[in-house]
Amino acid sequence: MSRLSESGQRDPARPDDYIDGRSDAAADDRSADDRSADDRITGPKLGAVEWLRWFWRQLTSMRTALFLLLLLAVAAIPGSLVPQRTSDPNGVAQYRVDNPDLFPVLDSLQAFDTYSSVWFSSIYLLLFLSLIGCVLPRTKHHLIALRSQPPRTPARLSRMAGFTTRPAPDTAGDATDVAPALEAGRALLAKSGYRTVLSDTSVSAERGYSRETGNLVFHIALIGILVAVGIGGGFGYSGQRVVVEGQAFVNTLSAYDSFNPGRFVDENELATYRIRLEELRVTYEEQNENAIGQPIDYTAEVSTDAAGESATADQIKVNEPLRIDGTDVFLLGNGYAPTITVRNPAGEVVFTDSVPFLPQDTNLTSIGVIKVPDGLDQQLGMIGFFYPTRATSDAGDFSAFPDLRDPVLSLNVYAGDLGLDEGVPRSVYELDTDDLTQLSGRNTDEGGIRLAPGETQELPDGLGTVSLDDVPRFASFDIHHDPTQGWVLFFSVLVLGGLLTSLFVPRRRMWLKAVPDAAGGMTFEYAALARGDDPALEAAVTDFADRHIAALDSGRGAAAATVTTAQPGPRERI
Amino acid sequence: MTTASLDATSLLLLYGAMAVYAISFVSFAMDLARRSSTGSVDSRVAARVLATSSAAGATGARSGSTTTADRPERPRSVAPRPVASQRAPISLRVGLSLAVVGFALHLASTVLRGIAAARVPWANMYEFSMTGTLLIMGVFLLVLLARDLRFLGTFVTGLVLILLGISTVGFRVDVVPLPPALQSYWLVIHVFVAILATAFFALGFALSVVQLLQHSREAAAETAKSVRLRFLATLPDAVTLENLAYRLNIIGFIFWTFTLMAGAIWAERAWGRYWGWDTKEVWTFIIWVLYAGYIHARATRGWRGSRSAWLSIIGFSAVLFNFGVVNVFFKGLHAYSGL
């Protein structure tokens with residue numbers, strides 16, 4: 001590596017400890033030591049303003065940015081080790097059960113909300129503050145650089161990278177009149193995208209300003225992503241809703257099973273539309289012996305009507321959400337919702353509903369709860385086990401295939417106080433059997449109640465009858481509204497574009513200088529300076545020297561005639 | 001042919017490729033041993049040759065190599081070898097030829113697996129390892145066209161062998177259809193680019209390791225201490241290795257950035273949100289930040305050289321962790337290991 005002096009070359013707008021590829025590791029270590037020595041000396045005498053300035057300088061230094069980056073990487077790890085409330089709430093609940101002692105400690109450290117925790121947030125906010133502190137002065141500096149000319153040619157080019165000399169070809173006229181040759185070189189550089197400035201004895205050129213532009217775009221776009229994500233979180237919402245075949249869902253707050261609004265969402269102003277689930281078609285693998293029963297396709301046939309429009313038929317599939325009225329509707333779950341009817345001894349219907357059962361395994365063995373609070377002598381609770389394709393082993397019933405080949409519903413019946421009248425919210429998917437008496441089930445004398453579709457059986461103790469009318473499927477929909485996700489995508493594209501430009505566009509200065517040689521002729525000197533990683537720098541110098549000499553050789557007389565009056569070149573494109 | 005017999009043929013070819021890689025590995029290792037004995041003549045002389053021999057490196061010892069691009073303007077890109085030998089030594093040539101043969105078998109095996117499954121061959125961990133190692137080898141061979149990095153042959157064939165061994169024993173699964181969540185063209189884009197990034201990171205990692213070894217050798221040579229791993233004297237100096245590692249790593253970083261973005265777009269379509277701190281997302285993010293740190297380290301005074309090399313090594317370790325451990329042992333939405 002070329003060991004170049006850094007003094008005078010450093011960008012004033014860069015952090016103090018920024019290097020851009022012009023020195024090697026040894027030099028870096030030394031200057032880092034020097035710097036910390038400076039800090040020690042000036043440290044104790046600082047006033048408030050100086051302290052602030054010192055703090056700001058520390059915050060915006062490269063080392064701090066690097067430290068914060070690595071800290072961010074480390075801080076993100078815990079969130080992958082323990083379940084997170086946002087992505088896996090059931091996992092958190094299970095963790096609490098499994099580790100009752102550890103849970104409160106971790107919870108107080110916000111380990112289950114890692115990515116919204118105080119410590120994680122402060123790291124990335126500091127990082128972005130550091131980023132802004134770095135980007136602002138650099139942007140200002142770069143805007144000025146974009147409008148200014150390349151710096152003057154250094155006195156001694158021999159210390160620069162790729163230093164090359166070529167004897168000047170014989171010219172027709174005065175050997176010391178180098179102006180035409182320099183102008184030819186300037187024109188060559190300008191054609192290669194350099195911004196050039198011509199002086200009496202040299203050409204100074206610089207190219208690759210877009211490297212810095214790309215760098216700034218990259219960093220500013222990162223800030224853009226952060227802001228867009230933040231705003232999107234405040235104005236977006238997401239909700240879940242289970243819909244049984246033949247039923248409809250209206251996009252209002254009360255229709256959701258669960259709803260997570262952003263801070264600024266007006267819950268009464270949701271987009272109004274209705275989605276009716278006509279049919280959920282599921283295809284299972286039946287040929288490949290390694291994957292019997294694996295789902296191949298889910299297709300939800302729906303009809304939608306947005307406000308004031310007639311119903312249209314649509315499809316929702318996994319990977320193919322329905323975009324409607326500024327919201328996106330995703331198909332994320334499915335299962336069976338057996339339609340169960342309970343009648344009292346007089347034959348009057350006291351309960352009838354399609355009850356979504358929660359799938360327990362890949363063959364859709366499902367568990368559901370039926371609560372019948374009114375109409376019978378006692379309040380009745382039932383825990384149902386549903387097997388789409390019933391099979392039996394020593395351990396009991398199980399499902400052998402997820403489709404409805406031999407569906408059976410098995411019910412355990414409980415009687416007593418369901419606890420619904422106390423005003424305490426109860427999950428519809430759970431039955432608290434502590435205060436209930438089991439009337440029937442696998443472990444009782446009565447045995448369990450088993451129903452195939454269309455069948456009716458007596459409830460124990462002459463309470464009435466229960467029947468399984470039908471087994472429709474249910475679909476679980478996620479409805480999302482995120483007003484800024486398009487912006488996030490936009491900034492992400494900028495990030496990628498900025499990154500590509502800043503890493504692969506070489507920024508370099510190139511010089512051509514004419515010096516008299518001992519024989520009374522002229523010698524051309526060529527050299528360059530890389531600003532940032534530039535593997536092809538030396539090749540570029542040699543290439544330029546070759547092309548320059550070739551241009552002089554070929555266009556000797558003619559070129560000289562046309563350019564003798566040339567003045568220092570106008571500014572070229574970036 | 002049926003799916004099963006195609007898959008069986010694919011596996012057979014893969015075993016063949018592994019056998020060839022194994023011999024290639026031995027051959028490359030013998031080359032390193034040879035370098036050590038050459039280096040022992042006078043490793044400090046060799047080191048000095050290395051430091052100053054742009055001319056020797058550019059003009060000597062390169063005629064036998066078909067893989068070295070002729071670029072005299074970049075002398076540092078060439079690993080100077082003893083000027084005496086005009087052709088590349090036989091162990092090196094055998095190693096490289098076998099690596100190419102192994103790659104061809106490997107490629108055929110991967111393509112057959114794809115045909116057997118009637119989709120891209122990277123939908124579970126077995127296939128991901130298969131295509132991933134294929135790309136590591138492919139990128140290595142491709143880079144050889146521009147730079148003489150044959151000294152990495154031992155590392156690359158060794159790494160590919162180990163990964164293939166683990167995946168055939170531990171991750172091997174029969175062909176099964178794609179679950180609905182994976183039925184998307186993003187599977188082709190997102191996962192392929194991720195694998196490509198991994199391949200570049202792997203080579204960057206290898207160069208960083210050699211860089212660290214070289215760095216300590218150079219430090220020892222300065223104090224005239226005796227030097228172990230004498231083959232290092234025949235390799236490029238630490239600064240050159242660092243620059244090469246950096247270039248490979250930034251290409252990997254670009255691909256990784258794209259992976260992250262494509263993943264987010266796909267996640268939005270499949271799961272309804274573009275980012276949800278799923279375990280795999282977290283680790284992809286961690287890797288991105290680590291390599292971003294690596295790139296910053298290169299521009300931070302006091303962090304060039306060995307420190308940034310360590311970051312590159314940590315970064316690739318995180319990549320391996322993300323693939324080997326997060327896939328299998330962590331709970332998350334990316335549950336596609338097929339295990």
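Lettering of chains follows the sequences in order, A, B, ..., and the numbering in each one begins at 1. Since we're looking at a predicted model, the values are computed, not measured.
L503(A) CG to I250(B) CD1: the interatomic distance, rounded to the nearest 0.5 Å, is 5.0 Å. Residue L81(A) holds its CG atom at 10.0 Å from OG1 of T279(B), rounded to the nearest 0.5 Å. Atom-to-atom distance recorded for I295(B):CD1 and L66(A):CG is 11.5 Å, nearest 0.5 angstrom. Interatomic distance, CD of E289(A) versus OG1 of T3(B), reported as 11.5 Å (0.5 Å rounding). Annotation: the span from S80(A) atom OG to D278(B) atom CG amounts to 10.0 Å, rounded to 0.5 Å. For the atom pair CE of M62(A) and NE2 of H296(B), the computed distance is 5.0 Å after rounding to the nearest 0.5 Å.
Interface remark: V541(A) contributes no atoms to any contact with chain B (heavy atom separation under 4.5 Å). Only the backbone of L178(B) comes within contact range of chain A, judged by heavy atoms closer than 4.5 Å. For chain B, the nearby parts of L499(A) are the backbone and the side chain; heavy atoms of each come within less than 4.5 Å. Residue N319(A) touches chain B through both its backbone and its side chain, counting heavy-atom pairs closer than 4.5 Å. Heavy-atom distances place no part of I287(B) under 4.5 Å from chain A, backbone and side chain included. Heavy atoms closer than 4.5 Å to chain A are found nowhere in W275(B), neither backbone nor side chain. Both the backbone and the side chain of E320(A) come within less than 4.5 Å of a heavy atom in chain B. Only the side chain of W283(B) has a heavy atom closer than 4.5 Å to any heavy atom of chain A.
Looking only at side-chain heavy atoms (C-beta outward), V318(A) and W271(B) stay at 4.5 Å or farther from each other. I286(B) has its side chain within reach of I77(A): a pair of non-hydrogen atoms, C-beta onward, lies under 4.5 Å apart. Put simply, the side chain of S238(A) does not reach to within 4.5 Å of the side chain of R273(B), judged on heavy atoms. Side chains of L70(A) and L311(B) form a contact here, defined as non-hydrogen atoms less than 4.5 Å apart. Counting only heavy atoms from C-beta outward, the side chains of Q485(A) and E268(B) approach each other to under 4.5 Å. Between W277(B) and D88(A) the shortest side-chain heavy-atom distance does not fall below 4.5 Å. Under the 4.5 Å side-chain criterion, counting only non-hydrogen atoms from C-beta, P177(B) is in contact with I296(A).
Listed options L72(A), D543(A), L68(A), V495(A) were ranked by heavy-atom pairs under 4.5 angstrom with chain B; first place goes to L72(A).
Ring-centre distance between W303(B) and F67(A): not below the 6.0 Å cut-off.
Using non-hydrogen atoms only and a strict 4.5 Å limit, the part of residues 475-482 of chain A facing chain B consists of H480(A), D482(A).
Under the 30°/60° scheme for interplanar angles, the aromatic rings of F218(A) and W288(B) are found to be tilted.
Pairing each heavy atom of P535(A) with each of R247(B), the nearest pair is CB-CZ, 3.1 Å.
Other residues, nucleotides and ligands place more than 12 heavy atoms under 6.0 Å from the CH2 atom of W186(B).
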### Task
Begin from the C-alpha positions of R298(B) and D533(A) and carry the test side-chain contact (heavy atoms from CB on, under 4.5 Å) through to its verdict.
CA-CA 9 Å; R298(B) 286 264 308 179; D533(A) 184 69; 3.5 Å; yes
### Task
Test side-chain contact (heavy atoms from CB on, under 4.5 Å) on I254(B) and L500(A) and set out the steps.
CA-CA 7 Å; I254(B) 299 273; L500(A) 278 167; 3.7 Å; yes
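Not counting sequence neighbours, F258(B) has no partner by the ring-ring contact (aromatic ring centres under 6.0 Å, His included) test.
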